[in-house]
Asker: 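Sharing a structure, written as structure tokens. Questions coming.
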Protein chains: 2
Amino acid sequence: MKRVPASFVPPIAIDYHTKTPMYRQLYDWFRRVITDGQMRPGQRVPSTRSLAAELKISRIPVLNAYEQLLAEGYLETFIGAGTCVARSIPDDALSAQASKARKGLQEIVEKMGPRRISRRGAALTHVPTQSWLDNLGAFRVSLPALDHFPIRVWSKLVARHSRKPTRGIMAYGNAMGQLSLREAIADYLGAVRAVRCEASQILVTTGSQQGLQISAQVLLDPNDPVWMEEPGYPGARQAFMTALAHLVPVPVDHQGMNIAEMIRRGHTARAVYITPSHQYPLGMTMSATRRMLLLNWAVRTGAWIIEDDYDSEYRFGSRPIASLQGLDTDGRVIYVGTFSKVMFPALRLGYVVVPKDLVSAFSAARDAADIFSSTLYQAVLTDFIREGHFARHIRRMRMLYMERRRALVKAIQTQMADMIEVIGAEAGMHLVALLPPGTNDVAVSRKAAQKGVSAMPLSICYSKPPTRGGLILGYGGANAHQIHDGIRKLRMSVQGQIA
Amino acid sequence: MKRVPASFVPPIAIDYHTKTPMYRQLYDWFRRVITDGQMRPGQRVPSTRSLAAELKISRIPVLNAYEQLLAEGYLETFIGAGTCVARSIPDDALSAQASKARKGLQEIVEKMGPRRISRRGAALTHVPTQSWLDNLGAFRVSLPALDHFPIRVWSKLVARHSRKPTRGIMAYGNAMGQLSLREAIADYLGAVRAVRCEASQILVTTGSQQGLQISAQVLLDPNDPVWMEEPGYPGARQAFMTALAHLVPVPVDHQGMNIAEMIRRGHTARAVYITPSHQYPLGMTMSATRRMLLLNWAVRTGAWIIEDDYDSEYRFGSRPIASLQGLDTDGRVIYVGTFSKVMFPALRLGYVVVPKDLVSAFSAARDAADIFSSTLYQAVLTDFIREGHFARHIRRMRMLYMERRRALVKAIQTQMADMIEVIGAEAGMHLVALLPPGTNDVAVSRKAAQKGVSAMPLSICYSKPPTRGGLILGYGGANAHQIHDGIRKLRMSVQGQIA
């Protein structure tokens, strides 16, 4: 490091032994002294020749630095007057006083507390720290059995498409998704979920969360009332909050969301968010009566129904319940699903079945959100479905999750029967374990997270504190040993918290 | 196909030669006659034995169908009374009259015109058909030279991470992105763009579009004024529209957005969207004076600055202009960038540099939007940057695009000098070709699209029809031959449209 004093400019600090190129050091130095106000507008800078001589360096880096500073407007050249600090840089912006004033402002800002962001931004931030999501241990909700995923088949398909990618795999894709994948999804949903749709109605998303947010954006104006299941899926709440909708919690009973009561009282809504196949998180199935009631009410009042058909692939007692969408003859149902759990979460692919007249609006909203989904995985997933791997994988996982569920229920019965009551249908990838009345389920979850166990507190699914807390226990990603060990740790976590 | 009449149920149509399983046909049939009202609530259904005999099939599919219908609540079993259509299905919902009434409603809906969606949904749909985006021909804006991408290196890295994926590559990831990638991005932006940030401030997105939409969601309430460059980037307009912001067009001059005039008149805004390095689409660089003025005004009024630093990698005359973010000492600048154009669009990875106190809000908004970015490509990109391929690729593309730009300018000079005026700095991946006054640029673009040439009309970058139309011509994805041929076709497209 060598400091070169100069009569007309502040001392320039040049480091001859760093990797930072010389021109860059000069450029940085000039920019700093100009913005700090150490060099004044109109002040002449040394000629490139004299500065190079003074610093004992070649003229080239000096020329480069000046060229850059000129291009950015920090310096100006006047014929006959040489190169000067730009005169048009406002005094107050650049003087040392201004610099101090700005620092003062910053302190004021810091003292004034949080800076103003949007209502929605503030609301989204008001979620407690979810420490139970920090680990991938036993009972992590929505986590599938990753070690049972046919990774060899999958990575072969990945290689097939990534080694010699088509332009389509690399360039901009369609906002609605790749046609071949949309066709495969439409076929799958028609056969397995009795969804009535054409490929043109399928919007490929990055998962159900994006499907929910885009649905909210297309359908809802600020303060529009939306009926939400109570308890319900927190991700959906977040999605509708970003559209500034007015969330109306509607209690669930053994048949799912109790819409009969709402309709009887004459309440209306712009949209209803609902998980009819397998209520989140409690697991009941919406009865046929309620389904028809809901559809007729929607047609009568012009409300939209957003059907989240999560986990419908896994039903251990009877065959999967057909979708609500399949009963809808009026295009009132927006059907949302995801591959995150039947495949793996980092795939980031899901879908929305959109009523025909709303396709252009959904497509435009997707374009505004993030243009389109990564195409490599779309192409790979299409092959995975078309070649039969998908159906095979679901069948295998259905058996595996049935066993895991049984193992979890048994572990609870033997180790925690005195403190936990299990609810939830024989379906999906999680069950709900109710805790003794008065137990703080968030505290239990935090405690469990410290032991590497991920147990989601039931109370975060409520808009108001529930009368009884509980834990949502995922069993997709945990084997028998992990389940047994996890329940042991959970027992310890609960013991300290029982009121 | 055999129709079996039955005294107590409508004729059942069973197809013995289809792939649809028998139980499924039965299930579908019962569901239809129940919802259509052809079978009434409380009506007894045949015993499984008699139905099987009647249809001359095994009892098993009949049992399966009934089991399913019972699980879904279409049927009920009463001890001693056998199996009946569920009594609780409301008459009005299921009767033939109701069915007709619903069909009538549907007709009314169709006659009433478009069904009500959100203001934002309707506004997003009001974009003219962009037929010039239907092809990947010459001049497609934002399309890089895909055939010069080092695909062998890339697919080796893809294979490395996809063959034996870690749990991290498959499970749920961090809403802000993978730490290793965030570190690589922070290092890159610090070195090349003089961005001042830590890895903790980097939000990995699916591209700059998502960065813009999330910024809008976090920062803006409905009707909050946002200054937008006029002309400006249409994608940004869409992103701010989804947050229902009030867009205020601010004209640009040779120094970029003319904020001086707005500030002098005392106008305020919650946020400013700006492309200071390379104005979109016209290409000028914002002067140092304006930058300082903008920053000081933002601190004084509490406004946010959203800096979109697109295409800053490619500057052919001088070295890249440093970012506005690097001059900001008050955390007022949200810096948005993307890998879509330096890498390839289908990568779907970009980033936002977030002021420290807003990190939790941005993270929550990303979580609400689509949880996190696909991890495979994050891991691959990290290696690609860390192993030096990224810097090498940018250097090569800089040379290539400089040549392609030169070829395009020359082709215009020789073939279209009489009808086109080229503007736009020596930077980026596109230039603007102004058309003769009175020429309808959208019509020209449509015409060109028919010939397989993608030329974006300048007028779509304006909020009000501009006095002079033009074409935005991308040269990243077109080689010398394609450029020459494209200009020939463009000449023909323009000729028919000159007023």
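What you see is a predicted model, and the numbers here were worked out from it, not measured in a lab. Residue numbering restarts at 1 for every chain, and letters A, B, ... go by the order of the sequence lines.
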Asker: Tell me, side chain or backbone of Ala236(A) under 4.5 Å from chain B's heavy atoms, or both, or neither?
Answerer: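 Interface part for Ala236(A): neither.
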Asker: Of the non-hydrogen atoms in Ala346(A) and Ser374(B), which two are nearest, and what is the gap between them?
Answerer: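 Closest approach of Ala346(A) to Ser374(B), heavy atoms only: O-OG, 3.3 Å.
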Asker: Need one label for Ala194(A): side chain, backbone, both or neither, based on atoms under 4.5 Å from any heavy atom in chain B.
Answerer: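 Contact with chain B is through both the backbone and side chain of Ala194(A).
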Asker: Please classify the contact between Trp154(A) and chain B as side chain, backbone, both or neither, with a heavy-atom cut-off of under 4.5 Å.
Answerer: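 Neither part.
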Asker: Looking at CG of Asp328(B) and CG of Leu294(B), how far apart are the two atoms once the value is rounded to the nearest 0.5 Å?
Answerer: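 CG of Leu294(B) is found 9.5 Å from CG of Asp328(B).
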Asker: With a 3.5 Å cut-off and no angle check, do the side chains of Gln255(A) and Ser287(A) form a donor-acceptor pair?
Answerer: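 The answer is yes; a qualifying pair exists.
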Asker: Count the heavy-atom pairs under 4.5 Å between each of Arg348(B), Met241(B), Gln209(B) and chain A, then report the option with the highest count.
Answerer: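 Looking at each of Arg348(B), Met241(B), Gln209(B) in turn, Arg348(B) comes out on top.
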Asker: If you measure from CG on Asp330(B) to CZ on Arg115(A), what distance do you get to the nearest 0.5 Å?
Answerer: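 It is 8.0 Å, given to the nearest 0.5 Å.
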Asker: May I ask you to name which of Gly121(B), Ala171(B), Pro234(B), Ser360(B) has the most heavy-atom pairs under 4.5 Å with chain A?
Answerer: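 Result: the option with the highest number of such pairs is Ala171(B).
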Asker: Is it the side chain or the backbone of Ala191(B) that comes within 4.5 Å of chain A heavy atoms, both, or neither?
Answerer: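 Backbone only.
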Asker: When heavy-atom pairs shorter than 4.5 Å are enumerated against chain A, which of Ala243(B), Pro355(B), Ser363(B), Ser277(B) gives the highest number?
Answerer: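 Max contact count across the listed options: Ala243(B).
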Asker: Look at Arg116(A), Arg163(A), Gln210(A) and state which one has the largest set of heavy-atom pairs under 4.5 Å with chain B.
Answerer: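 Result: the option with the highest number of such pairs is Arg116(A).
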Asker: Between Leu146(B) and chain A, which part of the residue has a heavy atom less than 4.5 Å away: side chain, backbone, both or neither?
Answerer: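 The answer is both parts of Leu146(B).
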Asker: CD1/Ile169(B) to OG/Ser162(B) distance, rounded to the nearest 0.5 angstrom?
Answerer: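 Between atom CD1 of Ile169(B) and atom OG of Ser162(B) there are 9.0 Å.
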Asker: Need one label for Gln213(B): side chain, backbone, both or neither, based on atoms under 4.5 Å from any heavy atom in chain A.
Answerer: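 Answer is side chain: those atoms of Gln213(B) sit under 4.5 Å from chain A.
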Asker: With a 4.5 angstrom heavy-atom cut-off, could you sort out which part of Arg152(B) is near chain A: side chain, backbone, both or neither?
Answerer: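 Contact with chain A: none, neither part.
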Asker: Please look at Leu358(B) and chain A and tell me whether the side chain, the backbone, both or neither of the residue comes under 4.5 angstrom of a heavy atom of that chain.
Answerer: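 It is the side chain, since no backbone atom gets that close.
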Asker: CG of Leu349(A) to CE of Met343(A): how many Å apart, nearest 0.5 Å?
Answerer: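 Leu349(A) atom CG to Met343(A) atom CE measures 8.5 Å (nearest 0.5 Å).
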Asker: Among all residues two or more places apart in sequence or in another chain, which pass the side chain to side chain donor-acceptor pair (under 3.5 Å) test with Arg237(B)?
Answerer: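 Listed in chain order: nothing, the list is empty.
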Asker: Checking heavy atoms, do the side chain of Ser373(A), its backbone, both or neither come under 4.5 Å from chain B?
Answerer: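 For Ser373(A), the contact with chain B is made by the backbone alone.
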Asker: Any side-chain donor paired with an acceptor under 3.5 Å for Glu72(B) and Tyr27(B)?
Answerer: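 Checked: Glu72(B)/Tyr27(B) side chains pair up, N/O donor to acceptor below 3.5 Å.
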Asker: How close do Pro276(A) and Arg291(A) get, counting heavy atoms only, and between which atoms?
Answerer: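 Taking Pro276(A) first and Arg291(A) second, the nearest heavy atoms are O-NH2, 3.2 Å.
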Asker: Out of Leu376(B), Leu347(B), Thr242(B), which one racks up the most heavy-atom pairs below 4.5 Å with chain A?
Answerer: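 Looking at each of Leu376(B), Leu347(B), Thr242(B) in turn, Leu376(B) comes out on top.
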Asker: Hey, what's the ring geometry for Phe372(B) with Tyr172(B), parallel, tilted or perpendicular (30° and 60° as the breaks)?
Answerer: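 The arrangement is tilted - the two ring planes meet at 30° to 60°.
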Asker: Which bit of Gln238(A) comes within less than 4.5 Å of chain B, counting heavy atoms only: side chain, backbone, both or neither?
Answerer: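 Answer is both: backbone and side chain atoms of Gln238(A) are under 4.5 Å from chain B.
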Asker: For the interface with chain A, which of Gly302(B), Ala216(B), Ser142(B), Gly350(B) has the highest count of heavy-atom pairs at distances below 4.5 Å?
Answerer: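 Going by pairs under 4.5 Å, I would pick Ser142(B).
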Asker: Go through the atoms of Ala159(A) and report whether side chain, backbone, both or neither lie under 4.5 Å from a heavy atom of chain B.
Answerer: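 The answer is neither part of Ala159(A).
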Asker: Could you tell me which residues satisfy side-chain contact (heavy atoms from CB on, under 4.5 Å) with Gln130(B), sequence neighbours excluded, listed by chain and number?
Answerer: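 Listed in chain order: Val127(B), Trp132(B), Leu133(B), Ile460(B).
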Asker: Does any heavy atom of chain B fall under 4.5 Å from the side chain of Thr375(A), the backbone, both, or neither of them?
Answerer: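 Both backbone and side chain of Thr375(A) come within 4.5 Å of chain B.
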Asker: Check Arg119(B) with Asp224(A), please: is the shortest side-chain N to carboxylate O separation under 4.0 Å?
Answerer: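 Salt bridge between Asp224(A) and Arg119(B), a charged N being under 4.0 Å from a carboxylate O: no.
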Asker: Identify which part of Leu220(A) has an atom lying under 4.5 Å from any heavy atom of chain B, answering side chain, backbone, both or neither.
Answerer: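 The backbone, not the side chain.
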Asker: So which of Ser155(B), Ala364(B), Pro165(B), Ala368(B) has the largest heavy-atom pair count under 4.5 angstrom toward chain A?
Answerer: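 Heavy-atom pairs under 4.5 Å are most numerous for Ala368(B).
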Asker: About how many Å separate CG of Asp134(B) and CZ of Arg140(B), when rounded to the nearest 0.5 Å?
Answerer: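 Here the interatomic distance stands at 8.5 Å.
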Asker: Can you tell me which portion of Arg31(A) sits under 4.5 Å from chain B's heavy atoms? Options are side chain, backbone, both or neither.
Answerer: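 Just its side chain gets close to chain B.
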Asker: Could you go through Met170(B) and Ile151(A), starting from their C-alpha distance and side-chain angles, then the distance that decides it, and tell me whether this counts as side-chain contact (heavy atoms from CB on, under 4.5 Å)?
Answerer: CA-CA 10 Å; Met170(B) 296 185 76; Ile151(A) 196 66; 4.2 Å; yes
Asker: Quick check on Leu244(A) against chain B: is it the side chain, the backbone, both or neither that has a heavy atom closer than 4.5 Å?
Answerer: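 For Leu244(A), the contact with chain B is made by the side chain alone.
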Asker: Taking side chain as everything from C-beta outward and backbone as N, CA, C, O, which of these in Leu219(B) sits under 4.5 Å from a heavy atom of chain A? Side chain, backbone, both or neither.
Answerer: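 For Leu219(B), the contact with chain A is made by backbone and side chain together.
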